[in-house]
Amino acid sequence: MIKITLPDGSIREYASGVTGAEIAESISPRLAKEVLSITVNSEIYDLSRSIETDAHIKLHKFDDDEGKHAFWHTSAHILAEAIESLFPGTKFGIGPAIENGFYYDIELPEGRALSENDFASINKKMLELCQQDNLITRKDITKADALKYFESKGDNYKTELISELEDGTITLYTQGNFTDLCRGPHLPSTGHIKAIQVLSLAGAYWRGDESRKQLTRVYGISFPKQKMLEEYLVMLEEAKKRDHRKIGKELELFHFSPKVGMGLALWLPQGTALRDRLESWLTGELNKRGYEMVKTPHIGNVELYKTSGHFEKYGKDSFQPIQTPAEGEAFMLKPMNCPHHVEIFKSKQYSYRDLPYRMAEFGTVYRYEQHGELHGLTRVRSFTQDDAHIFCRPDQVKEEFKKIIELIQYVFKSLGFTDYRSQISLRDPDDNSKYIGTDENWAKAEQAIQEASEEMGLKPVIETGEAAFYGPKLDFMVKDALGRMWQLGTIQVDYNLPERFNLEYKGTDNQMHQPIMLHRTIFGSMERFVAVLIEHTAGKFPLWLTPQQVVLLPISEKYNDYAKKVLDLLKNYDIRGQIDDRNEKIGRKIRDNELKRIPYLLVLGEKEAETETLSVRKQGQGDLGAMSIEEFAAVINNEIKENFNN
RNA sequence: GCCAAUGUAGCUCAGGGGUAGAGCACUUCCUUGGUAAGGAAGAGGUCAUGGGUUCAAUUCCCAUCAUUGGCUCCA
């Protein structure tokens, strides 16, 4: 008998060789039906694989990541089986589970290409294979036998993968008529998959190497219930509806013109109003927290970036330097704000008492992103960072981190991002040679980041070896209304620039010391953040932020004068809006302004004019009834107050 | 930068070897209204750009540019 410890600490005894499926069955038949894979002492097993020794186990269903992984991994094999049966002679690359579904990289036989027209037949075949409920079996074979098998199939991608594996046993998984090289784990049988569908096609280089052959990547998704697939497809539709490029056009926020240049956003008046409001609000918060605003030019002498090291590292792939009539003189479009800020720092002498120096700028930078990488406002060639640099003493790093974390938490909360994750990137403990800065400073900074995160209530994921060469960092990822993750804020420690620019301050010992520099941004860039905010809110911005809080709708032009009077009064309460005095009926005005996502519509006619009231309509809720101007102002102000209080 | 698809009116899109269509938006007129589209008339396009094939190209072919979906890269 062996002892199996469940996640809750309870211990059950089974005969040696018991499988995950049998354990699940012994706990509950319902669980046995839903369980997909099992973790045995931190290794993930198939349910049919026997367990020979005492172990800690955890059973995985579709609702945890490990369960999904096995589910989608098996789905990828089904996709491959379907394609092989429909297009014999197809060669297969890799077919992993990904965050949302799975893909398989394939190479179709000569002269054959896959198009969206083939999706229906693939879907049909995949569903058929699932309904056959074929058992999935795992087989250990030798490397030589594995090579022989895939050579006989002519599958040179698989043989390449196998030949790079270590000697020893190799596992193959078979379901129905399809056998694939795979580490596993997989579902016990294909019947668990009740809904499966191809989603899209893309080209992908074999092993991500552009000098190698481009394969066809087929993306798909699958679920244990048909209804879940339907919901997923609805979510994809919803994501399309929320696409910031679409809403940006509808709400006239920004525009791209090929005549100006790709990746260069033109901010329209409404978008500018939104962005300016974000900037001025954040500036206010920065001032409260001891930051000082600075402004620096859009270009800088090439020598500056040579000193900072950016030119050497990125100059070739960047916008090329601008020549001047002077011999040998060149300027670069600013790719980073930090060298400029460093020069501001260097403009005077510092005592230890002057630190920390918190310097912030909404600084526009230019980076030559590759053509294919440009995407709406999220990937552009000119963008404005909400950048800040904090020059501090080593003993201040932790406190400064805490202050920045507090600010980031406040900003996220105020904008409705309640769900976010954080990640600390530390250096690779096995190889210190690739990092600049002393061991002592790194150790201190890494400790400071971890303590600060913990004291501020973050639960960061810690990634060792992910730090940049110049210092460790803390990144923030927010989850939007559709559950998608966006990387926004980041705080980075930098030992590199202080060294390259020879920054110093005078310590209590009357000696010069090198300050530590912290880079930090909250929004990342204004462009990207506005895009995320649009998709998160579907264009229904928080009341305090939205460019137009109210639109006044006179019933007919007889009441335009009353509307003008009301608008003036509302302005006294800092409520912003405009009058829709088009020659249209009230229903039309309501419809058009609802579509523009105006939070409050005020209907003004004879009744209202006589009683000095407003008929208030809230976006998405409809008629709230009549109110006095004072009452309405209170409604608005309360809603704004609540936004910042909860 | 690579692969694929796409590019027709301000927007969303239909069409198709014989000089171009719809809806919305726009302009003018009528209508002066009560909570998600009032009516009529009008104007608007070098069918992305440049070549080629053809009696004829917006349509077919090639190139370029841009957009979209991926890949690669990202200070």
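Numbers restart at 1 for each chain; the letters A, B, ... are given by sequence-line order, proteins then strands.
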Base, backbone or nothing for each nucleotide of nucleotides 30-38 of chain B, written B, S, -, heavy atoms under 4.0 angstrom, 5' to 3'?
-> BBBBBBBBB
Between [N] ([atom2]) and [X] ([atom1]): distance, integer Å:
X         : N      : atom1 : atom2 : result
Arg217(A) : C2(B)  : CZ    : P     : 19 Å
Gln370(A) : A75(B) : CD    : P     : 13 Å
Glu369(A) : U72(B) : CD    : C1'   : 12 Å
Arg500(A) : A75(B) : CZ    : P     : 15 Å
His255(A) : C11(B) : NE2   : C1'   : 12 Å
Leu374(A) : C71(B) : CG    : P     : 15 Å
Asp105(A) : C71(B) : CG    : P     : 10 Å
Tyr104(A) : G70(B) : OH    : C1'   : 19 Å

Side-chain contact, heavy-atom cut-off 4.5 Å: [X] with [Y]?
X         : Y         : value
Gln197(A) : Leu233(A) : yes
Phe391(A) : Leu497(A) : no
Leu374(A) : Phe256(A) : no
Glu612(A) : Tyr562(A) : yes
Glu84(A)  : Phe92(A)  : yes
Ile534(A) : Arg242(A) : no

If you count the non-hydrogen atoms of other residues, nucleotides and ligands that lie under 6.0 Å from CD in Glu343(A), is the total more than 12?
->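 Yes.
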Taking everything shown except Arg500(A) itself, do over 12 heavy atoms lie less than 6.0 Å from its CZ?
->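 It does: Arg500(A) CZ has more than 12 such atoms within range.
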Could you identify which residues of residues 334-343 of chain A place a heavy atom less than 4.0 Å from some atom of RNA chain B, listed by residue number, or say none?
->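 Nucleic-acid contacts, sorted: Pro335(A), Met336(A).
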Whole-Å [atom1] distance, [N] and [M]:
N      : M      : atom1 : value
G15(B) : G21(B) : P     : 15 Å
A40(B) : U53(B) : P     : 50 Å
U72(B) : G51(B) : P     : 39 Å
C47(B) : C30(B) : P     : 37 Å
G39(B) : U46(B) : C1'   : 36 Å
A4(B)  : A37(B) : C1'   : 40 Å
C55(B) : C71(B) : C1'   : 46 Å
A57(B) : U8(B)  : C1'   : 14 Å

Looking for any heavy atom pair under 4.0 Å, which part of the strands does Arg245(A) touch: base, sugar-phosphate only, or nothing?
->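 If one applies the 4.0 Å heavy-atom cut-off, Arg245(A) turns out to touch the sugar-phosphate alone, with no base involved.
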Heavy atoms under 4.0 Å, any strand shown: does Tyr219(A) hit a base, just sugar-phosphate, or nothing?
->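 Counting heavy atoms under 4.0 Å across all strands, the contact made by Tyr219(A) is with sugar-phosphate only.
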Can you find a side chain N or O atom of His375(A) that sits less than 4.0 Å from OP1 or OP2 on G69(B)?
->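 Yes, within the criterion.
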Quick one: stems for RNA chain B, with Watson-Crick or G-U pairs under 3.5 Å, at least three in a row?
->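 Stems found: B:1-7 with B:65-71, B:10-13 with B:21-24, B:26-30 with B:38-42, B:48-52 with B:60-64.
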Dump the pairs, protein N or O against N or O of nucleotides 43-48 of chain B, anything under 3.5 Å, distances to one decimal.
none

Only one of Leu304(A), Thr364(A), Val365(A) clears side-chain contact (heavy atoms from CB on, under 4.5 Å) with Lys334(A); which?
->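 Answer after filtering Leu304(A), Thr364(A), Val365(A): Val365(A).
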Can you list every salt bridge (Lys or Arg N to Asp or Glu O under 4.0 Å) pair that touches residues 546-561 of chain A, not counting sequence neighbours?
->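 Residue pairs with at least one partner in residues 546-561 of chain A: Asp561(A)-Lys564(A).
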Apply ring pair (Phe, Tyr, Trp, His ring centres under 6.0 Å) to Tyr600(A) and list each qualifying residue two or more places apart in sequence or on a separate chain.
->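 Partners of Tyr600(A) by the ring pair (Phe, Tyr, Trp, His ring centres under 6.0 Å) criterion, ordered by chain and then number, come out as Phe632(A).
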Should Ile299(A) and Leu333(A) be marked as a side chain to side chain contact (heavy atoms under 4.5 Å, CB included) after you check the CA-CA gap, both sets of side-chain angles, and the distance that decides it?
-> CA-CA 4 Å; Ile299(A) 63 173; Leu333(A) 280 170; 4.0 Å; yes
Mind checking the CZ-CH2 spacing from Phe254(A) to Trp267(A)? Nearest 0.5 Å is all I need.
->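 Output value for this atom pair is 7.0 Å.
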Once you round to the nearest 0.5 Å, how far does CG of Asp386(A) lie from CG of Leu286(A)?
->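 Separation between the atoms: 8.0 Å.
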Taking the six-membered ring of Tyr368(A) as reference, does the NZ or CZ atom of Arg381(A) fall below 6.0 Å from its centre and within a 45° cone about the axis?
->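 Judged by the rule (NZ or CZ under 6.0 Å from the ring centre, within 45° of its axis), Arg381(A) counts as positioned above Tyr368(A).
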Along RNA chain B (nearest heavy atom to each residue), the more 5'-positioned of Glu373(A) and Gln385(A) =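 Of the two residues, Glu373(A) wins.
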